[in-house]
Amino acid sequence: MTRTSNRTYWAAGTAVLLALLFAVAATVASASGGDGDGSRTSARAPGLYSPDAGFARDMAVHHQQAVEMSFIVRDRTKDEPVRGLAYDIANTQANQRGMLLGWLDLWGLPKVVADEPPMSWMGTAGQHGGHGTAGHGTAGHDMSGHDMPGHDMGGAAAKPGALMPGMATKEELAQLGAAEGRDAEVLYLQLMTDHHKGGVAMAQGCAQQCETPAERALAQGMVEAQQSELTLMADMLKQRGAAPRG
């Protein structure tokens, strides 16, 4: 790995660590009342269809696939830089996923909402009721239950067969599981590059729309860390005579 790659790697790791530490501290403070007035955060919990809740649900699913892909590639190559990156992505995103699901528990909200289309919360800026109990007339839905126009995803869109922007299809996951050596490394780096691009757009949406300070801070940390990892992965692909997919 080059000196530039090492600097990028450590910058990404530092951003992730700081975001995790802040989010853990903020979550503990929220669970114990936070404001010092004796009230609990659950009394001011985000609504069911709020950006805070929608981001937590969607990013938990998004992260789970990153963890899955990272474990797959660790068994398909002996290349230590790729294995190290995969371990760090799996560890970081599994921890972040735990925080997101923990917030949903803290807020008394479900982890799955059957009538909520993926990413619908990204079209809710200025529309959601914020905290308190939300119904179908709040974030992400009009009064008829139809999802509202989506947030600008920078041109990103979910490919056919993928649940959300950046996510791999079942066929791509199977292809990764069947590849070995350099082929597995390149495919993993390409798939994870796409995955991070979708994740960055989602996290930027929360950083702009979410009302929970700890969640906004975690989302911004995701943006910074994943952008650094995108630079690192582009360099790693170049070292292997490959490039990110169009």
Side-chain angles (χ1 to χ4, degrees), residues 1-23 55 58-59 62-74 76-97 122 151-159 162 164-168 172-173 176 179 181-208 216-246:
M1 189 178 296
T2 67
R3 183 174 301 177
T4 299
S5 297
N6 278 323
R7 286 199 299 267
T8 302
Y9 176 83
W10 286 113
T14 300
V16 169
L17 178 60
L18 290 175
L20 288 174
L21 289 175
F22 182 90
F55 174 75
D58 282 349
M59 189 58 86
H62 210 267
H63 272 17
Q64 181 58 35
Q65 187 182 77
V67 172
E68 179 183 356
M69 291 194 297
S70 296
F71 279 124
I72 290 174
V73 80
R74 279 177 60 82
R76 309 309 299 172
T77 179
K78 296 181 180 179
D79 182 85
E80 285 307 316
V82 172
R83 286 170 57 85
L85 175 66
Y87 174 82
D88 288 334
I89 288 176
N91 188 52
T92 297
Q93 298 209 12
N95 286 333
Q96 291 174 343
R97 182 174 185 272
M122 293 194 74
H151 184 279
D152 179 14
M153 292 290 289
K159 71 187 81 171
M164 285 178 270
M167 292 187 69
E172 288 171 328
L173 292 176
L176 180 62
R182 178 190 171 281
D183 290 343
E185 297 160 20
V186 168
L187 182 56
Y188 171 75
L189 292 168
Q190 290 173 332
L191 290 175
M192 192 58 70
T193 293
D194 293 344
H195 203 273
H196 270 22
K197 288 179 179 177
V200 165
M202 290 172 62
Q204 287 173 329
C206 178
Q208 295 166 4
R216 285 202 311 271
L218 181 62
Q220 186 59 41
M222 290 179 188
V223 171
E224 294 167 5
Q226 292 192 26
Q227 285 177 334
S228 293
E229 287 175 344
L230 282 168
T231 300
L232 173 61
M233 290 189 290
D235 188 49
M236 294 175 75
L237 281 167
K238 185 176 181 180
Q239 293 169 8
R240 288 160 179 78
R245 302 189 299 185

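Throughout, residue positions are numbered sequentially from 1 according to the sequence presented.
Put simply, CD on Glu229 and NE2 on His195 are 12.0 Å apart, with the number rounded to the nearest 0.5 Å. Atoms OG1 and CE, on Thr193 and Met233 in that order, are 4.0 Å from each other to the nearest 0.5 Å. The line from SG of Cys206 to CG of Leu218 is 8.0 Å long, rounded to the nearest 0.5 Å. Note that OG1 of Thr92 is 15.0 Å distant from CZ of Arg97, once rounded to the nearest 0.5 Å. Going from atom CG of Asp79 over to atom CD of Glu185 covers 4.0 Å, rounded to the nearest 0.5 Å. One finds the CD atom of Gln65 at 8.0 Å from the CG atom of Leu191 (value rounded to the nearest 0.5 Å).
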query = Where do Asp194 and Gln190 land on the side-chain hydrogen bond (donor to acceptor under 3.5 Å, both in side chains) test, with the steps shown first?
reply = CA-CA 6 Å; Asp194 293 344; Gln190 290 173 332; over 6 Å; no
Practice item. Start with the C-alpha gap between Thr77 and Tyr188, add the side-chain angles, then the distance that decides, and say whether side-chain hydrogen bond (donor to acceptor under 3.5 Å, both in side chains) holds. Key: CA-CA 10 Å; Thr77 179; Tyr188 171 75; over 6 Å; no
Chi angles and distances behind the side-chain hydrogen bond (donor to acceptor under 3.5 Å, both in side chains) call for Gln64, Glu68
CA-CA 6 Å; Gln64 181 58 35; Glu68 179 183 356; 5.7 Å; no
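Between Met59 and Gly199, the closest heavy-atom pair is CE-O, 3.5 Å. Closest approach of Ala168 and Met69 over heavy atoms only: CB-SD, 4.1 Å. In terms of heavy-atom proximity, Phe55 sits nearest to Ala203 at CE1-CA, 3.8 Å. Considering all non-hydrogen atoms of both residues, Ala86 and Ser70 come closest at O-CB, 3.3 Å. For the pair Ala94 and Val67, the tightest heavy-atom approach, listed with the atom from each and the gap, is N-CG2, 3.8 Å. Contact detail for Leu237 and Ala243: the closest heavy-atom pair is CD1-C, 3.7 Å.
Using modelled atom types, no side-chain atom of Arg76 and backbone atom of Ile72 make a donor-acceptor pair closer than 3.5 Å. Side-chain atoms of His62 come within 3.5 Å of backbone N or O of Pro165 as a donor-acceptor pair. Between the side chain of Asn95 and the backbone N or O of Asn91 there is at least one donor-acceptor pair closer than 3.5 Å.
Contact check for Arg240 versus Val82: side-chain heavy atoms found under the 4.5 Å cut-off. Side-chain atoms of Leu230 and Gln226, non-hydrogen and from C-beta on, never get closer than 4.5 Å to each other. Contact check for Val73 versus Arg83: no side-chain heavy atoms found under the 4.5 Å cut-off. At least one side-chain heavy atom of Met164 sits under 4.5 Å from a side-chain heavy atom of Asp58. Looking at Ile89 and His196, their side chains come closer than 4.5 Å, going by heavy atoms from C-beta outward.
A side chain to side chain contact (heavy atoms under 4.5 Å, CB included) with Met222 holds for exactly one of Gln204, His63, Gln227, Met202; it is His63.
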